[in-house]
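Structure provided below as structure tokens; questions to follow.
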Amino acid sequence: MTPTGSPAAFSTGHPNDTWLFGWNPTPGIVSVWAEASGRALVWRRVEGQVIFSEERFRPWILSTTLADLSHVGSALSRSSHPADAASALSFCELNGPQGSYRYLLTTQHWRTLERALLAGAARRLGQPVTSLYDLDEYYRVGLVEQYLMQTGRVYFRGLIYADLHRLQFDLETTALDPRRGRIFLVAVRDNRGLATTIDAASPADERRLIADLCALIQERDPDVLENHNLYGFDLQFLEYRAALLDVPLNLGRREGPALLERYDEPVSWGWRRRSRTTYSVAGRELVDTLEAVRRYDFSVRELSSYRLKDVARYFGLAAPDRVYIPGNAVYETYQQEPERVRRYALADVAEVDGLSQRLLGAPFALAGMAPRRYTRLISAGPAMGILEPMLVRAYLQAGAALPAYPSSGPEDLAGHAGGAAYLFATGIAEHVVKADIASMYPSLMRTYQIGPAGDRLGVLLHLVDRLTDLRLSHKEAARHAPHGSLEAGHHTALQQAMKILINSAYGYLGAGRMALFADRAAADEVTRRGREILEHVVRALKERGMVLIEADTDGVYFAVPAGWSAEQERALVADVGATLPRGINLEYEGRYRAMFSYEVKNYALLTYDGQLIVRGVALRSSRSERFGERFLQQALHAVMIGDIVGLQRVFRETVEALRSRSLTAADVATRVRLTKTPEEYKRSRAAHREAPYEALLAAGREDWRPGERVRYYRAADGSYRWLPDETDEPAGLAEGDAQEQDSAAETFQRERMPSTHAELRNDYDVEQYVQVLLTTYAGRLRKAFAPEDFDQIFRLDPQIGLFDRPIEDIQPLWIRCSNAG
DNA sequence: GCCAACCGGGG
DNA sequence: GTGTACGGTTGGC
């Protein structure tokens with residue numbers, strides 16, 4: 001290996017910070033292109049200028065054995081240090097026990113090594129071997145990762161996010177499928193002031209549009225190309241159209257190969273294997289903000305849609321006068337009002353830029369630590385995708401062998417006990433406090449020094465240690481920097497990146513047999529300690545007279561005596577926290593006026609300023625009829641303030657509104673997604689009728705597309721009625737041929753009108769919806785009452801029952817101290 | 001009510 | 001060069 005820096009040359013104050021940030025100080029790397037031949041192209045941004053350099057590296061792989069190279073004989077040479085290797089094939093022995101990855105095999109050209117190993121392995125195993133990834137004897141990473149781990153370099157050293165030159169482009173096309181539609185417009189902007197569109201009004205102009213787009217990108221020379229669903233749409237479309245029109249697609253930097261490299265990766269989402277396409281170009285990083293949104297929502301779980309427009313609104317990025325055009329009407333609109341579409345497309349790219357600023361700070365900061373491309377860090381899993389490469393780099397830097405994969409013995413099949421979850425009480429509680437243990441699992445790892453047994457150098461625990469301290473200092477620095485400043489953003493991004501790494505350390509311990517340093521026993525020890533701590537907190541709260549409601553893994557809800565102030569609550573939490581071991585911190589997370597405890601992790605909270613928060617699926621309805629949702633909101637609010645009279649009133653009013661037909665079809669309609677094609681439904685219809693299709697057929701719609709969302713309701717005569725809404729896609733639009741485009745335009749014109757006549761109809765099936773109200777919505781409050789009280793409150797027949805008592809006397813099932821009366 | 005299958009996004 | 005991490009909805013039985 002030929003490092004251009006040494007570990008001593010880069011330090012940020014701690015001898016082992018190189019485990020965190022790499023050991024090579026080279027600043028400003030914005031892109032790396034590594035080839036199997038050992039050529040690496042590196043672009044750096046230094047003082048605003050881009051500097052290109054061509055470098056050499058030796059492709060490498062780690063192995064537990066030399067057996068598969070015995071057939072090459074003297075072609076394999078030994079070197080005492082990897083940096084000394086010069087021959088076509090060589091190996092260096094690392095420090096480590098038998099069975100560990102103690103052979104670092106290096107080569108001049110990756111294919112030489114790969115061919116030799118595949119041939120050797122095939123001979124050893126007596127069957128053909130097609131991929132080294134299938135063999136446990138080898139630990140292999142991608143070429144760019146090889147380069148970064150070998151050199152100790154990382155991306156973006158010394159840069160802040162605003163230093164990156166980012167360009168967004170967004171295609172507008174006449175159809176979704178590039179075989180059936182073409183590009184008629186592209187909007188382009190960058191974070192250096194560019195904002196423009198390129199038109200191709202006639203099909204003959206499309207070739208010029210693509211060429212102009214490439215030329216503009218070359219001229220602006222950005223480090224990053226960004227868009228929403230860039231991989232899934234824009235690049236696929238561009239690739240197809242450029243090939244069809246035989247126009248070169250030069251998106252990369254001129255010093256590198258002018259190609260758009262495509263990977264069709266098998267990806268498992270859950271257990272299911274699917275394929276997705278990604279791309280890369282030399283010299284520029286590609287950023288798909290859709291991936292960043294997915295990653296964001298993975299932890300936050302708040303987005304109901306990942307569509308650009310929805311996400312932009314969610315983050316408050318959408319301009320108030322933003323133009324909205326339904327996707328299937330964009331081309332029609334362009335033909336009549338091209339300027340409107342240009343503004344629409346420019347708003348799209350502006351929102352992508354906003355999303356980038358909002359979501360990509362953390363991946364940017366991670367790229368300054370982990371030996372991986374920036375692009376990959378946007379969607380990489382934090383444990384295997386980020387932490388493990390850092391661990392591997394640290395071991396290579398130390399000349400130490402990686403441990404063998406942990407053997408999967410029978411103990412691994414035994415159930416792994418996770419966090420504790422307790423439901424202490426159901427019903428309604430008042431004066432509720434939530435407290436939780438800050439970063440519980442990493443804190444436990446740190447406090448009790450629980451790390452993977454195979455981590456002989458103690459890298460993981462060291463990383464958790466340093467990251468925890470550094471994160472606190474960046475949080476602090478972000479707080480003190482001027483709000484909204486570049487400096488604040490920089491520290492916030494680092495803080496977030498560090499949080500991601502810290503939180504993944506525990507997950508990594510339990511990451512199954514494919515993680516090099518996984519350690520099930522250590523993971524179990526962490527959760528065992530966690531349960532111990534949670535039980536301790538619960539006990540301490542009980543001893544202090546608090547009423548426990550529920551506790552889950554690292555947090556607990558409990559009720560305090562009426563009349564307590566927030567200060568008293570905080571003091572209590574601090575008091576309990578003081579009984580915990582050093583390094584384990586109990587935090588006061590919030591206070592609530594009331595809580596409806598339903599099941600573990602399923603509850604509703606009422607804040608002191610009247611906001612209703614509903615958590616867990618059990619309290620929500622998947623049907624989501626508007627009238628039912630409205631009822632449930634009001635009902636939960638009423639029951640949590642103990643207003644049973646009000647609760648019954650809301651119920652009776654809703655029943656009355658249904659029966660008097662003062663609600664509308666839109667209020668009772670439900671929305672489903674179609675799965676069958678018209679042909680499939682026609683086949684199954686005789687055996688089994690399904691409401692949404694019947695609704696369409698009854699409305700005269702014989703054509704639809706699976707995936708289409710359909711709103712419908714049940715009418716008084718028992719039939720189902722379709723209720724088209726503003727954003728519904730008309731039939732067959734994916735095909736995008738001329739007729740269908742026309743129908744799209746017509747539909748669009750029709751649907752721009754605020755609310756259609758159909759929405760205001762009131763011919764719904766009253767008793768059906770009364771039953772829905774009672775069973776689906778009111779039923780969710782069953783656990784808040786004694787059975788006879790529930791029946792009395794929600795009785796449909798308003799005559800007095802034999803055992804009724806005055807409604808004023810009915811109380812919900814309060815969760816209260818027994819001694820408080 | 002339970003289980004398996006499917007989808008997310010882009011014009 | 002991945003990924004061993006989904007979650008909500010729907011339809012079929």
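Protein chains get the first letters and strands the later ones, always in sequence-line order, with residue 1 at the start of each.
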Query raised in the report: Picking from dG1(C), dG9(B), dG11(B), which would you name as closest to the side chain of Tyr306(A)?
Result: dG9(B)
Requested in this report: Mind checking Arg295(A) for me? I need base, sugar-phosphate or nothing, with any heavy atom below 4.0 Å counting as a touch.
Outcome: nothing
Query raised in the report: dG8(C) P sits how many Å from Leu303(A) CG, rounded?
Result: 13 Å
Report summary line: Among the nucleotides dG11(B), dG9(B), dT2(C), whichever has the atom closest to the side chain of Arg376(A) is dT2(C)
Query raised in the report: Rounded to whole angstrom units, what separation is found between the CD atom of Glu351(A) and the P atom of dG9(B)?
Result: 15 Å
Query - Whole angstrom value for the distance that separates P of dG9(B) from CD of Gln236(A) - result: 16 Å
Query - Atom pair distance, as rounded to whole Å: CG in Leu62(A) and P in dG1(C) - result: 17 Å
**Report entry** Under 3.5 Å: donor-acceptor pair, side chain of Asp170(A), backbone of Asp348(A)
**Finding:** no
Query raised in the report: Are any of Arg372(A)'s side-chain N or O atoms less than 4.0 Å away from OP1 or OP2 of dT2(C)?
Result: yes
Requested in this report: Round to a whole Å and report the spacing from CG of Asn229(A) to P of dC7(B).
Outcome: 16 Å
Query raised in the report: OP1, OP2 of dG8(B) versus side-chain N and O of Ser305(A): anything below 4.0 Å?
Result: no
Report task. Take atom CZ of Arg111(A) as the centre, draw a 6.0 Å sphere, and report whether it contains more than 12 heavy atoms from other residues, nucleotides or ligands. Result -> no
Query raised in the report: At under 4.0 Å between heavy atoms, what does Leu143(A) touch on the DNA or RNA strands: base, sugar-phosphate, or nothing?
Result: sugar-phosphate
Query raised in the report: To the side chain of Glu145(A), which of dG11(B), dG9(B), dT2(C) is closest?
Result: dT2(C)
Report task. Report which part of the nucleic acid Asp348(A) touches: base, sugar-phosphate, or nothing (heavy-atom distance under 4.0 Å, all strands). Result -> sugar-phosphate
Report summary line: Atom OH of Tyr139(A) and atom P of dG3(C) are separated, to the nearest Å, by 13 Å
Requested in this report: Could you tell me if the ring centre of Tyr720(A) sits under 6.0 Å from that of Tyr712(A)?
Outcome: yes
Query raised in the report: When you measure from the side chain of Glu172(A) to the backbone N and O of Phe184(A), does any donor-acceptor pair fall under 3.5 Å?
Result: no
Query raised in the report: Which nucleotide in the set dT2(C), dG10(B), dT4(C) lies at the smallest distance from any side-chain heavy atom of Phe233(A)?
Result: dG10(B)
Requested in this report: Could you give the distance separating dT9(C) and dG9(B) at their P atoms, to the nearest angstrom?
Outcome: 13 Å
Query raised in the report: Whole-Å distance between dT4(C) C1' and Leu509(A) CG?
Result: 16 Å
**Report entry** Verdict with reasoning, Glu339(A) to Arg342(A), per salt bridge (charged side-chain N to carboxylate O under 4.0 Å, His left out)
**Finding:** CA-CA 5 Å; Glu339(A) 195 47 40; Arg342(A) 289 185 198 111; 2.8 Å; yes
Query raised in the report: If you look at every strand shown and take non-hydrogen atoms under 4.0 Å, does Asp234(A) touch a base, only sugar-phosphate, or nothing?
Result: nothing
Query - Check: dG1(C) base within 3.5 Å donor-acceptor of Tyr133(A) side chain - result: yes
Query raised in the report: Checking all strands, does Ser131(A) fall into the base, sugar-phosphate, or nothing category for heavy-atom contacts under 4.0 angstrom?
Result: base
Query raised in the report: Quick one: does Asp288(A)'s side chain have a donor or acceptor within less than 3.5 Å of a partner on His228(A)'s backbone?
Result: no
Report summary line: From CG of Leu308(A) across to P of dG11(B) the rounded distance in Å is 8 Å
